[in-house]
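Please read the structure below before turning to the comments.
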Amino acid sequence: MIVVSRFRVDQSDAEVFRVELQAALEALAGQRGHLHGAIGCNVDDPTLWVLSTEWKDVGSYRRALSSYDVKITAVPVLSRAIDEPSAYERVVPGAALNEQRSRSIG
């Protein structure tokens with residue numbers, strides 16, 4: 001599973017945001033099921049940032065979000081993300097795609 005969270009950040013807040021986003025990535029990276037993560041800043045629009053993480057499965061990501069360290073460090077940053085769908089399934093050649101339906105909790 002891939003999670004892509006995009007952020008719009010004023011350039012005057014960029015350095016503080018960069019530190020906060022790095023701390024969020026580190027908190028997420030310490031969770032079971034985390035495979036990889038990266039931070040990026042758009043080359044054409046420096047106010048647009050991305051946090052991309054890869055997870056073993058959707059359950060790993062959801063459990064990570066309920067971790068105390070993630071709630072304290074990452075969730076406040078993630079709450080600033082642009083309001084758009086952020087979870088993607090990995091598409092493997094020849095494999096069937098998951099059923100297209102909402103997977104929201106509750």
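Sequential numbering from 1 along the given sequence is applied to the chain's residues.
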For a quick test of reading the model, state the closest non-hydrogen atom pair linking [X] to [Y] and the distance between them.
X: Ser86; Y: Ser5; result: CB-OG, 4.4 Å
X: Ala27; Y: Val70; result: O-CG2, 3.7 Å
X: Ser66; Y: Lys71; result: O-CE, 3.4 Å

Please check if [X] and [Y] belong to a single hydrophobic cluster, counting links between Ile, Leu, Val, Met, Phe, Trp and Tyr side chain heavy atoms closer than 4.5 Å.
X: Leu28; Y: Ile72; result: no
X: Leu48; Y: Leu21; result: no
X: Leu25; Y: Leu35; result: no

Arg8 CZ: over 12 foreign heavy atoms closer than 6.0 Å: yes

Stepwise side-chain contact (heavy atoms from CB on, under 4.5 Å) test for Leu65 and Leu78: CA-CA 10 Å; Leu65 291 178; Leu78 294 173; 4.0 Å; yes

Once you round to the nearest 0.5 Å, how far does [atom1] of [X] lie from [atom2] of [Y]?
X: Arg32; Y: Ser67; atom1: CZ; atom2: OG; answer: 11.5 Å
X: Ser79; Y: Phe7; atom1: OG; atom2: CZ; answer: 8.5 Å
X: Glu20; Y: Thr73; atom1: CD; atom2: OG1; answer: 10.5 Å
X: Arg62; Y: Met1; atom1: CZ; atom2: CE; answer: 7.0 Å
X: Ile82; Y: Trp49; atom1: CD1; atom2: CH2; answer: 13.5 Å

Gln22 side chain near Glu26 side chain, heavy-atom distance below 4.5 Å: yes

Do Thr47 and Asp10 come within less than 4.5 Å of each other through their side chains, counting heavy atoms only? no

Which residue pairs pass the ring-ring contact (aromatic ring centres under 6.0 Å, His included) test with at least one member in residues 26-48, sequence neighbours excluded? His34-Trp55

Among Ile, Leu, Val, Met, Phe, Trp and Tyr joined by side-chain contacts under 4.5 Å, find the other residues sharing a cluster with Val4 and list them by chain and number. Ile2, Val50, Tyr88

